[in-house]
Undergrad: 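To start, I am sharing the structure in question, which I have written as structure tokens.
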Protein chains: 2
Amino acid sequence: MGVSKTEFFTEEQNQMASLFKSISHPARIAIIQYLLSVDSCICGDIVNELPLAQPTVSQHLKELKNANIIKGTIEGTAICYCLNQDTIAVIQDYFKGITKQLQNKCC
Amino acid sequence: MGVSKTEFFTEEQNQMASLFKSISHPARIAIIQYLLSVDSCICGDIVNELPLAQPTVSQHLKELKNANIIKGTIEGTAICYCLNQDTIAVIQDYFKGITKQLQNKCC
DNA sequence: TTATTATATCGTAATATTGCAATATAATAA
DNA sequence: TTATTATATTGCAATATTACGATATAATAA
């Protein structure tokens, strides 16, 4: 149906799935990489860095913000975006846990 | 349009995005967690562990296989699934790189 | 051979995502 | 005040995803 049966899964399973969904698009990966490539937070010009129209970029930024992957603070006319280290850490910890559990496996 | 403009992004950006897409559904997170929770590879009974019909589970397993998140080997009538440590490592390395780049940031 | 069991594929309906033109909003500049 | 500039929102078309009943396939059991 296109509807995920979220109610049948745990809170953690739904949270991790939606976190991964937020970074499951090349434009959003590109935004993350661009934020990493510059010295500090970026005010403006993310739109010019991507091969997409302004409303589309705005939409992708909104999704990254909703997932707490990036933080945005208003700087006059522009908005200053940067990565949210806490959320990156959440993902990393999740995979650390997986790797730890995998150590005793046969495969 | 619902079509990602993949041709405008790098190979790596598209690859990482599709890797994250493969784990962006709670059922697929649940499959990963179930594979981790048992001692070894699992032959059969993944269907019984999930609140979804057999064709739906089969479809999710296929997506995880296509993304190389899991490996499946035929064991008589059943199929034996386990996680692919190499792909888990790819994701972990990606976030290690991000964390490293983040160390010199202001936010 | 005919069950039985496990998994895959097909077809399709419901819903979600992507992308963008048009427009709105919000802050500052002239 | 009226620009200008930066970002957000709306509305919609094209496409993708999710879920599952029906059916197919493939291996073994009786």
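Every chain is numbered from 1, with letters handed out A, B, ... down the list of sequences. As a basis for the values below, the full set of heavy atoms in this structure was taken, side chains included, without hydrogen atoms, waters or symmetry mates.
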Undergrad: Could you check how far CD of B/Glu7 sits from C1' of C/dG19, rounded to whole Å?
TA: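 Value for this atom pair: 12 Å.
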Undergrad: Send over the distance from B/Leu50 CG to C/dT7 C1', rounded to a whole Å.
TA: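 Interatomic distance, CG of B/Leu50 to C1' of C/dT7: 14 Å.
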Undergrad: Does some side-chain heavy atom of B/Ile23 sit less than 4.5 Å from a side-chain heavy atom of B/Arg28?
TA: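 No, their side chains stay 4.5 Å or more apart.
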Undergrad: Considering only heavy atoms from C-beta outward, does the side chain of B/Leu35 approach that of B/Ile46 to under 4.5 Å?
TA: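 With C-beta onward as the side chain, the pair touches.
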Undergrad: Do the side chain of A/Ser24 and the main chain of B/Phe20 share a donor and acceptor less than 3.5 angstrom apart?
TA: no
Undergrad: Nearest nucleotide by nearest heavy atom, which residue falls closer to the 5' end of DNA chain D, A/Val47 or B/Pro51?
TA: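 Closer to the 5' end of DNA chain D: A/Val47.
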Undergrad: Send over the distance from A/Asn48 CG to D/dT7 P, rounded to a whole Å.
TA: 9 Å
Undergrad: Got a sec, which pairs hit salt bridge (Lys or Arg N to Asp or Glu O under 4.0 Å) with one end in residues 10-23 of chain A, sequence neighbours left out?
TA: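 Salt bridge (Lys or Arg N to Asp or Glu O under 4.0 Å) check on residues 10-23 of chain A returns no pairs.
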Undergrad: Atom CD of A/Glu63 and atom C1' of D/dT9: how far apart are they, to the nearest Å?
TA: 14 Å
Undergrad: Requiring both pairing distances under 3.5 angstrom, list the stems that contain DNA chain C and are made of three or more consecutive Watson-Crick or G-U pairs.
TA: C:1-30 with D:1-30
Undergrad: Starting at the 5' end of DNA chain D, which residue's closest nucleotide do you reach first, A/Pro55 or B/His25?
TA: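 First, find each residue's nearest nucleotide; the 5'-ward one identifies A/Pro55.
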Undergrad: Expressed as a whole number of angstroms, how long is the span from A/Asn66:CG to C/dT17:P?
TA: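 After rounding, the reported distance stands at 12 Å.
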Undergrad: Can a side chain N or O of A/Lys62 be found less than 4.0 Å away from OP1 or OP2 on D/dT9?
TA: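 So the side-chain polar atoms of A/Lys62 do come within 4.0 Å of the phosphate oxygens OP1 or OP2 of D/dT9, strictly under.
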Undergrad: Think B/His60 has a side-chain N or O under 4.0 angstrom from the OP1 or OP2 of D/dA19?
TA: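 Affirmative; the distance criterion is met.
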Undergrad: Applying a 4.0 Å non-hydrogen cut-off, can you work out what B/Leu52 is touching in the nucleic acid: base, sugar-phosphate, or nothing?
TA: sugar-phosphate
Undergrad: Which nucleotide sits closest to the side chain of A/Ala53: D/dA8, C/dA8, C/dA21?
TA: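 Closest nucleotide to the A/Ala53 side chain: C/dA21.
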Undergrad: Can you check the B/Leu64 CG to C/dT7 P distance for me, whole Å?
TA: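 So the two atoms are 15 Å apart, to the nearest Å.
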Undergrad: Measure from the side-chain heavy atoms of A/Lys21 and tell me the nearest of C/dT17, C/dT9, D/dT7.
TA: C/dT17
Undergrad: Which nucleotide, D/dT18, C/dA21, C/dG19, lies nearest any side-chain atom of A/Thr56?
TA: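 Nearest listed nucleotide: C/dG19.
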Undergrad: How many whole angstroms separate atom CD1 of A/Ile46 from atom P of D/dA6?
TA: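 A/Ile46 atom CD1 is separated from D/dA6 atom P by 13 Å.
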Undergrad: Using whole Å, what does the distance between atom P of nucleotide C/dA26 and atom CD of A/Gln54 come to?
TA: 15 Å
Undergrad: Which nucleotide, D/dT7, D/dC20, C/dG19, lies nearest any side-chain atom of A/Gln59?
TA: C/dG19
Undergrad: Anything under 30° is parallel, anything over 60° is perpendicular, the rest tilted; go ahead and classify A/His25 against A/His60.
TA: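 Rings of A/His25 and A/His60: tilted, 30 to 60°.
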Undergrad: Find out whether A/Leu50 and A/Tyr34 are in side-chain contact, i.e. whether some heavy atom of one side chain is under 4.5 Å from a heavy atom of the other.
TA: no
Undergrad: For residues 88-98 of chain B, please give each side-chain donor-acceptor pair under 3.5 Å, one per line with the distance, not counting sequence neighbours.
TA:
from: B/Gln92; atom 1: OE1; to: A/Thr99; atom 2: OG1; distance (Å): 2.8
from: B/Gln92; atom 1: NE2; to: A/Phe95; atom 2: O; distance (Å): 3.3
from: B/Gln92; atom 1: NE2; to: A/Thr99; atom 2: OG1; distance (Å): 3.0
from: B/Tyr94; atom 1: OH; to: A/Gln33; atom 2: NE2; distance (Å): 3.3

